[in-house]
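Some notes on the structure that comes next.
All residue numbers in this chain count up from 1 along the given sequence. None of these values were measured; they are calculated from a predicted model.
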Amino acid sequence: MKKSLLATLFLLLTLIVKSQVRVIHFNAGWNSSHNVSWVKDLKDCDIEFIDIAVKTKAQKEYSIVVVPTLLILQYDEETKRYQADLSFKLTATKEEVQEYIDELILSGF
């Protein structure tokens with residue numbers, strides 16, 4: 001009984017931590033060759049992909065001026081933005097983004 005209670009508490013804590021950080025990957029169909037393929041491999045966060053050519057309101061809502069752009073949100077507030085350079089390629093690395101996500105999660109404790 002005690003072990004199952006601990007396992008349930010751990011599972012709930014994991015779900016709470018994961019849902020506090022969200023990564024939104026913005027791109028456009030015409031720039032699909034520069035999709036950030038490693039975004040799906042990020043840990044401890046929810047991931048959303050938005051094509052601004054399809055969801056045009058999202059471009060204005062999040063002030064997206066260049067694609068690809070990654071937004072990191074904690075509790076639905078933007079904490080960090082990674083944008084592409086002039087060649088429409090994201091300059092951030094997976095390690096850099098994951099390290100930032102890890103720092104956000106640890107700062108919540």
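Cluster annotation: Leu70 and Leu104 are assigned to the same hydrophobic cluster (Ile/Leu/Val/Met/Phe/Trp/Tyr, side-chain heavy-atom contacts under 4.5 Å, transitive). Hydrophobic clustering (ILVMFWY, side-chain heavy atoms < 4.5 Å, transitive): Phe49 and Val21 are in one cluster. Follow the hydrophobic side-chain contacts under 4.5 Å out from Ile52 and you reach Leu73 in the same cluster. Under a hydrophobic-cluster definition in which Ile, Leu, Val, Met, Phe, Trp and Tyr are linked whenever side-chain heavy atoms come within less than 4.5 Å, directly or via other members, Leu71 and Tyr82 are assigned to different clusters.
Side-chain atoms of His25 come within 3.5 Å of backbone atoms of Val36 as a donor-acceptor pair (strictly under, hydrogens ignored). Judged by distance alone, the side chain of Gln20 and the main-chain N or O of Ile105 form no donor-acceptor pair under 3.5 Å. Side-chain N or O atoms of Asp85 include none that pairs as donor or acceptor with a backbone N or O of Thr91 at under 3.5 Å.
Contact check for Leu90 versus His34: no side-chain heavy atoms found under the 4.5 Å cut-off. Arg81 places a side-chain heavy atom less than 4.5 Å from the side chain of Thr69.
Taking all atoms of both residues into account, the shortest heavy-atom contact from Thr79 to Gln74 is CG2-CB, 3.9 Å. For the residue pair Asn31 and Pro68, the shortest heavy atom distance occurs at ND2-CD, 3.4 Å. Contact detail for Leu42 and Gln98: the closest heavy-atom pair is CA-OE1, 3.4 Å. Scanning both residues, Cys45 and Val23, for their nearest heavy atoms gives SG-CG2, 3.8 Å. Minimum interatomic distance between Ile64 and Val67 (heavy atoms only, all atoms of both residues): CG2-CG1, 4.0 Å.
Rounded to the nearest 0.5 Å, atoms CG (Asp51) and OG1 (Thr56) are 10.5 Å apart. A distance of 8.0 Å separates CD1 in Ile101 from CG in Asp44, rounded to the nearest 0.5 Å. In this structure, NZ on Lys94 lies 8.5 Å from NZ on Lys40, to the nearest 0.5 angstrom. Taking NZ of Lys80 as the start and CD1 of Ile72 as the end, the distance is 9.0 Å to the nearest 0.5 Å.
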Practice item. Take Val65 and Gln83, measure what side chain to side chain contact (heavy atoms under 4.5 Å, CB included) needs, and give me the verdict at the end. Key: CA-CA 9 Å; Val65 295; Gln83 295 181 318; 4.0 Å; yes
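More than 12 heavy atoms of other residues, nucleotides or ligands shown are found within 6.0 angstrom of CD on Glu96.
Note: Phe26 and Tyr62 have tilted aromatic rings, judged against thresholds of 30 and 60 degrees for the angle between ring planes.
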